[in-house]
Amino acid sequence: MPPIAATAQIGTTYLDVNGQAYPLMACVLPDISWDVIPLPAQGGGRRLGQVRFGTLTVRFTPPSMAPLAGWVEALTSGRVDPLDLGVLHTDGNGKVRYSLALKGCILTELRFPECSAAGKDVYAIEAVFEPEHVAAGPIGGAVKSAAPGRAKKWLASNFVVTVPGLPSGRISRVGAVTLSRSLVQEDDRFGGRLLVGALACSPLALTVTGPDCVQWRDAVLKLTASGARGDPVAIGVELRDTALKAVLANLSFQTIGLSGFSFDPSGGGSGAVTATARFELDTLKFQVN
């Protein structure tokens, strides 16, 4: 289904979590499909089988989604906390004109956006849930937002990075990071339980500009010359306000070490010397202040 986005003309889309309604920037509702099963060869043909529900994807800013910290902790710790969620879409008067009830939702993915010093995008996170069942929800009631009324949208350009042992004042970009896990239905002979796979983390890419690039390059070449591997390192990213003074949230990346490095002393088309270091992630902690 196409995304439902909140606009001033058509109202707002909310995610209902435990009776609290949180505003969304965008929402992609689950597709509904039925398995197609081939019949035995002698008869031929096909029949329809079990119904399947696709994923629910919601996009939001951290200050408008209070449950986020708990979702990160559950995902990174391997916990399975099925949630009963609701998607509510309101008209211009705040009345629900469309709603879905999604039962037994399991969080399978969190997508953290790129931070770029040159960008102007809002810092928005996406969460992906796999529902067990989807049904129509009630309509007509009024929705009261559970998010702070004066919460400002964070900008992905306002950030400060800390990397132990290396200069980090000229890191101009923190690449997007995705945390995910798969769900597998166990064979009915063994109870048909839903099994959760291990956490998968995309690499953390840091882009360094200017004179600091040489120090990063030399540190990497020292590792290669000695035949050593990079040690695990904790990298911190602070999301800050527009004045870069107040810390709005902290991202703590625990890495297993440096896994890749590229260096461009010519500066390419931009003319600025750049280096990009890639770290393999072990886990992530997220705290809203």
Side-chain angles (χ1 to χ4, degrees), residues 1-6 13-37 48-62 64-89 96 98-113 124-138 146-147 176-203 281-286:
M1 293 184 182
I4 297 176
T13 302
Y14 296 88
L15 185 71
D16 184 288
V17 186
N18 297 324
Q20 299 292 310
Y22 300 96
L24 300 174
M25 295 177 66
C27 172
V28 179
L29 300 174
D31 287 333
I32 302 171
S33 62
W34 281 261
D35 292 338
V36 179
I37 303 172
L48 295 178
Q50 184 176 347
V51 64
R52 305 285 181 182
F53 296 104
T55 57
L56 168 71
T57 302
V58 292
R59 189 167 185 258
F60 51 84
T61 58
S64 69
M65 188 60 66
L68 174 61
W71 293 349
V72 175
E73 198 277 330
L75 188 64
T76 55
S77 65
R79 288 204 328 265
V80 179
D81 299 332
L83 298 170
D84 290 341
L85 304 174
V87 174
L88 314 173
H89 189 63
V96 177
Y98 179 91
S99 73
L100 279 182
L102 301 100
K103 304 294 184 180
C105 297
I106 296 177
L107 177 67
T108 58
E109 197 167 308
L110 283 173
R111 304 166 184 163
F112 293 83
I125 294 174
E126 289 187 349
V128 180
F129 296 89
E130 291 199 16
E132 181 181 28
H133 184 71
V134 179
V177 170
T178 297
L179 308 179
S180 62
R181 60 184 177 184
S182 59
L183 298 181
V184 179
Q185 188 78 36
E186 194 179 43
D187 194 298
D188 287 339
R189 293 173 297 175
F190 304 102
R193 296 173 302 172
L194 199 60
L195 304 181
V196 178
L199 180 69
C201 306
S202 61
L281 287 183
D282 181 36
T283 189
L284 163 68
K285 294 182 179 179
F286 183 81

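In what follows, every heavy atom counts, from backbone to side chain, and hydrogens, waters and symmetry copies are set aside.
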For Ser33, check side chain to side chain contact (heavy atoms under 4.5 Å, CB included) against everything at least two apart and list the hits. Arg52
Determine the minimum heavy-atom distance between Val177 and Ser202, stating which atoms define it. CA-OG, 3.4 Å
Over all atoms of both residues, closest heavy-atom pair of Leu179 and Thr76: CD1-CG2, 3.9 Å
CD1/Ile125 to CG/Leu68 distance, rounded to the nearest 0.5 angstrom? 4.5 Å
Taking atom CG of Leu107 and atom CG of Asp81, what is their separation to the nearest 0.5 Å? 9.0 Å
Indicate yes or no: at least one non-hydrogen side-chain atom of Thr57 is less than 4.5 angstrom from one of Glu109. no
Given side chain to side chain contact (heavy atoms under 4.5 Å, CB included), test Cys27 with Leu56 step by step and report yes or no. CA-CA 7 Å; Cys27 172; Leu56 168 71; 3.8 Å; yes
Quick check: closest heavy atoms across Pro82 and Val80, and the distance to 0.1 Å? CD-O, 3.3 Å
For residues 15-25, tabulate all N or O donor-acceptor pairs below 3.5 Å that involve a side-chain atom, not counting sequence neighbours.
| from | atom 1 | to | atom 2 | distance (Å) |
| --- | --- | --- | --- | --- |
| Asp16 | OD1 | Gly19 | N | 3.2 |

Side chain to side chain contact (heavy atoms under 4.5 Å, CB included) evaluation trace for Phe112 with Leu284: CA-CA 11 Å; Phe112 293 83; Leu284 163 68; 3.4 Å; yes
Hey, could you give me the OH/OG distance between Tyr14 and Ser64, rounded to the nearest 0.5 Å? 10.5 Å
N/O donor-acceptor pairs under 3.5 Å from side chains in residues 126-138, not counting sequence neighbours:
| from | atom 1 | to | atom 2 | distance (Å) |
| --- | --- | --- | --- | --- |
| Glu126 | OE1 | Arg111 | NH1 | 2.7 |

Could you grab the distance from atom CG of Asp31 to atom OG1 of Thr55, nearest 0.5 Å is fine? 8.0 Å
How close do Ser77 and Ala74 get, heavy atom to heavy atom, and via which atoms? OG-O, 3.3 Å
Can you check side chain to side chain contact (heavy atoms under 4.5 Å, CB included) on Phe286 and Leu110, steps first, answer last? CA-CA 11 Å; Phe286 183 81; Leu110 283 173; over 6 Å; no
